[in-house]
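Only one structure is covered here, and it is reproduced in the block below.
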Number of protein chains: 2
Amino acid sequence: MKGKATSFDIAHYAGVSQSTVSRALRNSPLVNEETRKRVFEVAKQLNYKVDKNASNLRTQQSSTLALLLFEDPTADESQINPFFLAMLGSITRACATQGYDLLVSFQSTSADWQADYEDSHRADGIILLGYGDYVDYQAKFSSLIEQNTKFVCWGASVDNRPDLTVSCDNYGGGKLAAAHLLRANRKDCAFIGDASEHSPEFFARYQGFKDEFNQHGINLSERKMANAISTEESGYHATRSLIANNIHFNSLFAASDLIAIGAIRALKEAGIKVPDDVHVVGFDNIAVASFTNPPLTTVQQDTTLAGQMLVNNLLKLIRGETVENTLLPPSLIIRGSSV
Amino acid sequence: MKGKATSFDIAHYAGVSQSTVSRALRNSPLVNEETRKRVFEVAKQLNYKVDKNASNLRTQQSSTLALLLFEDPTADESQINPFFLAMLGSITRACATQGYDLLVSFQSTSADWQADYEDSHRADGIILLGYGDYVDYQAKFSSLIEQNTKFVCWGASVDNRPDLTVSCDNYGGGKLAAAHLLRANRKDCAFIGDASEHSPEFFARYQGFKDEFNQHGINLSERKMANAISTEESGYHATRSLIANNIHFNSLFAASDLIAIGAIRALKEAGIKVPDDVHVVGFDNIAVASFTNPPLTTVQQDTTLAGQMLVNNLLKLIRGETVENTLLPPSLIIRGSSV
DNA sequence: CGACATTATGACACCGGTGTCAGGTTTGAA
DNA sequence: TTCAAACCTGACACCGGTGTCATAATGTCG
């Protein structure tokens with residue numbers, strides 16, 4: 001057999017027309033059961049596979065979703081944020097169970113990223129994933145919507161945000177963390193992260209955290225906050241700067257696990273003991289969290305469910321159904337860094 | 001504008017034929033510079049994107065590669081082997097720089113996995129990634145080759161293996177680990193992993209390790225070996241069983257970092273100190289390795305280079321060039337678990 | 001000025017399926 | 001016997017590009 005078999009080849013060997021082959025293979029009720037059997041047999045024998053390009057071209061859809069991963073352009077690409085990798089895993093599986101393929105693409109946060117997967121008919125819809133500065137993206141999102149591109153985002157849903165989102169209840173997660181520290185009477189708390197509108201997730205985590213403290217009559221001191229992006233390195237430096245400025249605290253809430261891990265490193269270096277001197281709580285429950293020393297107490301995001309919701313919501317959107325922003329409940333994982 | 005713009009729309013507005021539009025957009029030298037400019041302008045205005053399905057159908061290629069990730073069907077899908085996730089990252093980037101899209105698919109090791117991405121013209125070639133039992137795959141590989149499917153595998157190249165591979169020099173890596181332990185005079189060494197033909201990577205690591213010891217006149221005891229697959233859990237149990245059997249050793253070589261991390265947990269639980277009582281060396285240098293307690297000495301595989309080689313070799317194969325199996329040099333990362 | 005090369009463009013077949021329409025055969029009811 | 005409904009099948013246009021071939025316009029040279 002030269003080249004790949006086409007439906008015409010099957011038709012020839014099965015003694016039917018090409019139309020019938022197409023119908024038979026797609027289990028159309030219009031085709032006789034015996035004919036179908038014969039067609040399937042020949043198809044199997046010739047190792048025939050439907051040409052996706054021809055099929056997609058005709059039906060105008062691709063059974064494929066695209067996943068765009070946004071990463072700060074870090075020097076070391078092997079250090080991809082483990083939280084997103086976990087999400088990638090669950091999204092891939094969710095796609096598979098729905099019979100969709102998944103195109104994966106890393107995009108640089110800064111650059112003018114490409115979302116032409118749908119325009120070019122490579123994908124029926126797009127999933128956007130990454131801690132990004134959504135302020136910068138507003139315009140892009142609006143233009144995508146204007147072009148009627150189907151897409152969903154992972155991330156905090158903020159007011160006036162034009163896109164459809166699936167996110168963890170970051171506010172509630174922050175409250176969980178605060179309540180936990182308050183139970184241990186660790187009221188003198190530092191926060192490492194970014195509580196500005198540029199990081200809506202971190203912002204919501206901090207708000208929930210602060211509100212819980214307020215409800216217990218405690219005001220968090222602004223002096224005990226330090227800015228950090230979601231890397232170990234950044235968490236380390238932010239914590240060091242607090243220590244260097246002689247700021248005291250007996251607990252610490254980090255906006256992400258990576259930050260928390262960096263913070264613990266800085267604390268250890270300064271001779272401050274975790275959890276004896278400072279209780280530490282992170283956010284995400286990445287795989288590393290249980291291997292740190294001490295193991296990290298953290299707020300878990302259900303990545304499996306998140307992946308499913310992203311895929312399901314996107315598919316609904318593609319089918320033209322109405323979809324709401326989705327909020328997933330977090331849960332507290334208590335480990336050695338806070339007991 | 002109802003629906004998406006096609007090249008006919010561009011042709012209409014630019015006042016040329018559809019053929020010319022196609023040529024202009026693909027920078028054919030046959031088209032006049034002024035005409036090209038006009039076409040590009042109209043295309044941009046209408047937000048035109050070439051339909052990949054039509055284009056692929058006609059040219060019979062897809063500018064897409066497929067990545068099949070094999071995982072033991074673990075219960076918890078968020079616990080994907082971090083080494084492979086690092087590989088996934090580098091493969092994605094390598095594809096992007098070569099102008100290819102990447103389809104990602106998780107496959108269950110046990111099931112009869114699908115490699116019909118090329119048959120269905122969804123991808124031009126396939127990358128296979130995973131610690132698999134290659135003995136089981138031999139037949140499948142042969143049939144893929146028979147069908148002239150283009151694919152490359154990550155993994156040890158063994159004799160009689162029909163497929164094209166890119167791999168780390170596992171044998172050399174084993175020697176590096178052994179030499180390191182011998183320098184510290186830790187001659188009484190245990191091995192946790194699987195030194196059978198079913199795990200050619202682990203087998204090669206063990207061979208190199210053993211040979212280095214032999215060259216120093218030391219024979220490793222078979223009693224000090226315990227079987228494990230590449231999970232933390234498995235490493236933990238294997239190490240526990242050694243301890244339970246009163247087997248003594250003052251160093252330990254784990255076939256992977258995950259195994260090493262499990263081993264350290266088991267050692268700690270038994271009151272055995274790392275590194276004081278037992279030096280531990282792992283393999284892979286996954287991100288977690290530097291956060292363990294103590295930080296893990298390990299043999300690093302260059303995932304960035306590995307991803308590039310996989311993609312480059314596959315593209316050569318697709319272009320019909322001759323390609324050789326590729327062996328990448330490992331390097332030793334010394335951390336607290338062995339000093 | 002005529003022969004010929006060069007350049008730019010349009011017409012058209014083609015890639016491999018899908019879906020519509022028309023037609024032929026069989027079955028059942030009037 | 002006649003007609004219609006049910007069932008099955010083939011012919012054919014179509015999806016939106018790409019590549020080949022023919023042709024027109026312009027330039028070059030003996």
Side-chain angles (χ1 to χ4, degrees), chain A residues 1-40 42-43 46-64 116-124, chain B residues 1-40 42-43 46-64 116-124:
Chain A
M1 166 69 58
K2 68 281 148 232
K4 302 240 150 92
T6 73
S7 54
F8 284 92
D9 299 322
I10 314 292
H12 177 250
Y13 287 109
V16 293
S17 76
Q18 183 269 340
S19 302
T20 302
V21 171
S22 174
R23 276 191 289 258
L25 292 177
R26 283 174 310 118
N27 293 317
S28 157
L30 292 176
V31 70
N32 183 286
E33 211 40 57
E34 260 182 56
T35 314
R36 185 194 314 287
K37 246 187 232 162
R38 203 163 65 249
V39 168
F40 265 99
V42 177
L46 298 189
N47 196 42
Y48 171 78
K49 295 280 153 45
V50 173
D51 186 308
K52 275 283 178 186
N53 292 316
S55 172
N56 292 345
L57 172 59
R58 182 62 226 247
T59 58
Q60 298 290 42
Q61 43 128 322
S62 61
S63 296
T64 301
D116 57 359
Y117 290 87
E118 198 197 338
D119 299 323
S120 63
H121 288 280
R122 276 178 294 182
D124 297 333
Chain B
M1 167 69 55
K2 69 280 149 234
K4 302 240 150 91
T6 73
S7 54
F8 284 91
D9 299 322
I10 314 292
H12 177 249
Y13 287 109
V16 293
S17 75
Q18 183 269 338
S19 302
T20 302
V21 171
S22 174
R23 276 191 288 258
L25 292 177
R26 284 175 309 118
N27 293 316
S28 156
L30 293 175
V31 70
N32 184 285
E33 212 40 57
E34 261 182 54
T35 314
R36 186 197 313 286
K37 246 188 231 162
R38 203 162 66 248
V39 168
F40 266 99
V42 178
L46 298 189
N47 196 42
Y48 170 79
K49 295 279 152 48
V50 172
D51 186 309
K52 274 283 178 184
N53 291 315
S55 171
N56 292 345
L57 173 59
R58 182 62 226 246
T59 59
Q60 298 290 43
Q61 44 129 318
S62 61
S63 297
T64 302
D116 58 358
Y117 290 86
E118 197 198 338
D119 298 324
S120 64
H121 288 279
R122 277 179 292 181
D124 298 333

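Order of the sequence lines fixes the chain letters, A, B, ..., with proteins taken first and strands second; residue numbering starts at 1 for each chain. Since we're looking at a predicted model, the values are computed, not measured.
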* Which nucleotide of DNA chain C is the first, and which the last, in the 5' to 3' direction, to come under 4.0 Å of a heavy atom belonging to chain A? -> C/dG16 to C/dT20
* Asked: Could you give the distance from CG (A/Asn56) to CG (A/Asn53), rounded to the nearest 0.5 Å?
  -> 6.5 Å
* Given the rule in the salt bridge (Lys or Arg N to Asp or Glu O under 4.0 Å) test, do B/Lys37 and B/Glu34 qualify, once you have shown the distances and angles that lead to the verdict? -> CA-CA 5 Å; B/Lys37 246 188 231 162; B/Glu34 261 182 54; over 6 Å; no
* Donor-acceptor pair between B/Ser22 and B/Ser19 side chains, under 3.5 angstrom -> no
* To do: Would you name the heavy atoms of B/Ser28 and B/Arg36 that are closest together and state the gap between them?
  => O-NH2, 2.9 Å
* B/Val16 or B/Ala54: which one's nearest nucleotide on DNA chain C is closer to the 5' end? -> B/Val16
* To do: Remember a base hit wins even if backbone is also touched, and classify A/Thr59 as base, sugar-phosphate or nothing at under 4.0 Å, heavy atoms.
  => sugar-phosphate
* Carboxylate-amine/guanidinium proximity below 4.0 Å for A/Lys4 and B/Glu118 -> yes
* If you take all heavy atoms of B/Phe40 and B/Leu25, which pair is closest and at what distance? -> CZ-O, 3.9 Å
* Mind checking B/Gln60 for me? I need base, sugar-phosphate or nothing, with any heavy atom below 4.0 Å counting as a touch. => sugar-phosphate
* Look at all strands and tell whether B/Ser19 reaches a base, only sugar-phosphate, or nothing, counting heavy atoms closer than 4.0 Å. => base
* Between A/Leu30 and B/Leu30, name the one whose nearest nucleotide on DNA chain C is closer to the 5' end. => B/Leu30
* Mapping A/Gln18 and A/Val31 to their closest nucleotides on DNA chain D, which lands nearer the 5' end? -> A/Val31
* Asked: Rounded to the nearest Å, what distance is computed from the CZ atom of residue A/Arg23 to the C1' atom of nucleotide D/dC8?
  -> 8 Å
